[in-house]
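To keep things clear, I will list the structure first and then write my remarks on it.
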Amino acid sequence: MRRVIIAGNWKMYKTPQEGVEMVNDFLPLVKNAKCEAILFPSFLTYDAVKQATNGSNVAVGVQNMHWETEGAFTGEVSPAMLKSMDCEWVIIGHSERRQYFGETDETVNKKLLSALTNNINFILCVGESLVTRENGNAKGFVGDQVKAAVEGFSTDQALKLIVAYEPIWAIGTGKTASKEDAQDMCKHIRLALATEFSEEVAQKISILYGGSVKGDNISELMNQGDIDGALVGGASLQADSFAKIVNY
Ligand code: PGA
């Protein structure tokens, strides 16, 4: 069946030392987890966290990458550099990258194709703003984001997709989408994937929900037919709160 993934996006929080402290508390709490747990620290904190999770059931990735192998791109990190650090996961197209750092559907697509070429697993983020939702255009907008992101994907490549639906108005606001709204959009994303590829392919792709996921709302979200996991920001920063979600 579909992969069940619970991922923690640490954003611009935690020094290497703070990351290791969290992981040392976290690992014993999730050693019997039934899902795949992945932590996404900053580039600088990545290696310390990677070492600290060595031999455990928790994977580690980073929150962004450039699509080129190398070049004059000040401040960027390449897929080759990530591979050299045994990095197996990357988040692509988080709404904060799109909103504050000029990421577009085109750069998201380039990054995804590059991650595929470089054999790095990825979580593609999509999601609408409050204005778009209030205008009644959320599904159209998110469907277009998905379509643009997977431009040029083969069927085999589509099977490597992990998508996270994160409505921007629910991120860091404490306002989780209702389980019905989250399910409705995740189902719509699966439909969009079926249109792009096939129903069979779409049924195999894991779709996560993100936006104010907490220990007390994870179970009802995970009970929805088209939600296969979660991408968690704030509540992934503390070992006990994230363990509660991973052990939902
Ligand atoms: P949040 O962040 O859980 O703090 O809302 C989610 C995310 O940005 O991935």
Kindly list each side-chain donor-acceptor pair under 3.5 angstrom involving residues 136-149, sequence neighbours excluded, with atom names and distances?
{"from": "K139", "atom 1": "NZ", "to": "D184", "atom 2": "OD2", "distance (Å)": "3.0"}
{"from": "Q145", "atom 1": "OE1", "to": "G127", "atom 2": "N", "distance (Å)": "2.9"}

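A heavy-atom distance below 4.5 Å is not found between the side chains of M12 and E96. A heavy-atom distance below 4.5 Å is not found between the side chains of V90 and N121. For the pair V62/V77, no side-chain contact is recorded, criterion being any heavy-atom separation below 4.5 Å from C-beta on. Counting heavy atoms from C-beta on, the side chains of I6 and Y248 come closer than 4.5 Å.
K244 and D216 are not joined by a salt bridge, as no carboxylate oxygen comes within less than 4.0 angstrom of a charged side-chain nitrogen. A salt bridge between R190 and E199 is absent, with no side-chain N of the basic residue lying under 4.0 Å from a carboxylate O of the acidic one. Ion pairing between a basic and an acidic side chain is recognised when a charged N comes within 4.0 Å of a carboxylate O; R98 and E103 show no such pairing.
Remark: H66 engages F73 in a ring-ring contact (aromatic ring centres under 6.0 Å, His included) (not counting sequence neighbours). Listed by chain and number, the residues in a ring-ring contact (aromatic ring centres under 6.0 Å, His included) with F242 are F26 (sequence neighbours excluded).
When all heavy atoms of D228 and S206 are compared, the closest pair comes out as OD2-CA, 3.3 Å. Here the shortest heavy-atom pairing between C125 and I91 reads SG-CG2, 3.7 Å.
No more than 12 heavy atoms of other residues, nucleotides or ligands shown are found within 6.0 angstrom of NZ on K34.
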